[in-house]
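Report on one structure; see the data block that follows.
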Amino acid sequence: MKKLPLPNYQFLNAFNICLQDSDSKNLPAMEGILQDIPRYDLQYRLRAFSTTLHQSTQSRHGHSGDIVVGNVTKKDFVDLYEYCFVKAGGRVIYDKLRASSDGLCPLCGIGSVSTLDHYLPKARYPLYSVHPANLVPACMDCNKGKGSSVFNSNTEEPLHPYFVSQHFIDEHWITAEIVETIPVTAHFYPTPPPTWSQDSQQRAINHFNDFNLASRYKTQASLLFSMFTDRVNELKHEQDLSTKDIQEHFLTRSQTQPANSITRALMEAIAKSSWFCS
């Protein structure tokens with residue numbers, strides 16, 4: 001997981017830029033809600049900070065002609081994103097948001113950013129289709145994995161990279177275990193601290209499961225094991241370290257990794273495995 005700074009772009013600016021490129025027949029209706037956009041922006045931010053975005057008004061699945069606000073339809077908002085934000089004047093904002101995570105997906109910590117994910121899916125929350133704070137740089141797996149989910153409680157809200165509480169970033173809650181097979185594999189699972197609130201614990205578990213991180217981390221770990229196996233052999237045969245010393249080496253090195261990175265979890269698992277370190 002990775003926390004990102006809030007985008008410098010305001011909802012009103014992004015919305016206005018998109019309107020300038022819109023040829024929608026319903027453009028007057030969209031211009032008519034410009035004065036309300038700052039209010040919707042503030043509402044989104046307050047809810048994001050308080051983990052109450054699930055209280056946002058949901059649109060029905062399909063039904064593109066449904067009115068969202070004023071006389072603006074769901075289709076109007078979705079088209080604004082697809083034709084004006086992605087392909088026209090809003091593309092400058094799109095590209096800068098996508099680059100804000102330095103290429104690493106903040107939702108999983110392993111994927112390469114290739115798109116923007118609507119934190120509140122535009123199919124169900126179209127009002128925020130071009131809200132920069134609702135657009136998160138993401139890898140394709142995370143973008144497709146979340147889909148068009150509707151959130152019904154605070155624990156169902158994934159960790160929002162722009163608004164996530166710092167304890168999800170700083171405190172260790174992803175654990176791995178070495179599976180003694182040939183070839184070696186690892187099992188990953190969430191272990192949120194018992195000192196966290198029940199809601200925080202469940203939210204971390206749901207985030208881990210919703211983005212299928214156990215399976216994806218297992219696959220990624222298979223690419224790291226070759227490097228770690230070589231390191232064990234080097235410590236054992238070239239530096240003549242004992243199994244216990246090798247375990248201590250991995251434990252010490254693990255503490256230099258980000259708290260919830262796959263490398264931290266995997267190195268801690270190796271440190272506990274005399275089988276792997278022997």
Side-chain angles (χ1 to χ4, degrees), residues 1-7 43-59 61 81 97-98 100-175 188-193 196-218 220 258-262 265:
M1 310 313 112
K2 182 178 181 180
K3 186 175 177 67
L4 300 179
L6 271 166
Q43 184 180 64
Y44 182 97
R45 292 170 185 268
L46 291 175
R47 286 176 171 172
F49 276 120
S50 61
T51 323
T52 55
L53 280 171
H54 62 279
Q55 296 177 1
S56 303
T57 302
Q58 304 167 6
S59 292
H61 185 70
Y81 174 79
L97 291 176
R98 192 174 66 171
S100 66
S101 189
D102 298 324
L104 187 66
C105 178
L107 297 169
C108 64
I110 58 171
S112 297
V113 169
S114 59
T115 188
L116 290 182
D117 176 68
H118 285 81
Y119 179 86
L120 290 180
K122 65 182 183 296
R124 304 306 296 268
Y125 306 90
L127 173 61
Y128 301 114
S129 64
V130 298
H131 192 338
N134 191 52
L135 297 170
V136 176
C139 67
M140 197 57 67
D141 284 338
C142 285
N143 179 249
K144 290 182 178 180
K146 184 162 68 66
S148 300
S149 303
V150 168
F151 308 136
N152 296 307
S153 69
N154 62 336
T155 60
E156 293 181 9
E157 295 183 25
L159 303 182
H160 198 317
Y162 299 134
F163 299 96
V164 62
S165 297
Q166 200 61 39
H167 67 276
F168 289 106
I169 305 300
D170 295 340
E171 297 184 44
H172 187 41
W173 60 272
I174 296 178
T175 301
F188 291 84
Y189 51 95
T191 53
W196 289 4
S197 69
Q198 287 295 317
D199 283 355
S200 284
Q201 292 183 49
Q202 191 58 54
R203 193 176 177 209
I205 292 170
N206 288 345
H207 182 99
F208 188 90
N209 293 335
D210 289 346
F211 289 103
N212 195 27
L213 296 187
S215 176
R216 294 171 60 196
Y217 282 7
K218 179 180 179 180
Q220 185 72 15
N260 294 298
S261 64
I262 183 174

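A quick note: this is a predicted structure, and the numbers were derived from the prediction, not measured.
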**Asked** Closest heavy-atom contact between Tyr128 and His118?
**Response** O-CD2, 4.2 Å

**Message:** For Ile169 versus Asn260, what's the shortest heavy-atom pair and its separation?
**Reply:** O-ND2, 3.6 Å

**Fill in**
Looking only at heavy atoms, the pair that brings Pro192 and Trp173 closest together is CA-CB, 3.7 Å

**Prompt:** Looking only at heavy atoms, what is the nearest atom pair of Lys122 and Ser129, with distance?
**Reply:** CB-CB, 4.1 Å

**Item:** Pairs involving residues 43-56, ordered by first then second residue, that meet salt bridge (Lys or Arg N to Asp or Glu O under 4.0 Å) (sequence neighbours left out)
**Value:** Asp41-Arg45

**Request:** Can you sort out the partners of Gln166 under side chain to side chain donor-acceptor pair (under 3.5 Å), two or more places apart, ordered by chain and number?
**Result:** Asp170

**Residue pair Met1 / Leu213, side-chain heavy-atom distance below 4.5 Å** = yes

**Request:** Report the C-alpha separation of Tyr125 and Val150 in whole Å, then their side-chain angles, then the decisive distance to 0.1 Å, and conclude whether the side-chain contact (heavy atoms from CB on, under 4.5 Å) test is met.
**Result:** CA-CA 9 Å; Tyr125 306 90; Val150 168; 3.7 Å; yes

**Asked** Quick one: side chain to side chain donor-acceptor pair (under 3.5 Å) partners of Trp196, sequence neighbours excluded?
**Response** Glu171

**Complete:** Residue set satisfying side chain to side chain donor-acceptor pair (under 3.5 Å) with Asp141, at least two apart, ordered chain then number -> none

**Request:** State, with a plain yes or no, whether a side-chain heavy atom of Tyr119 is found less than 4.5 Å away from one of His131.
**Result:** no

**Message:** Does anything in residues 204-215 form a side-chain hydrogen bond (donor to acceptor under 3.5 Å, both in side chains)? List the pairs, not counting sequence neighbours.
**Reply:** Gln202-Asn206

**Message:** According to side chain to side chain donor-acceptor pair (under 3.5 Å), who are the partners of Ser197, at least two apart in sequence or on a separate chain?
**Reply:** Ser200

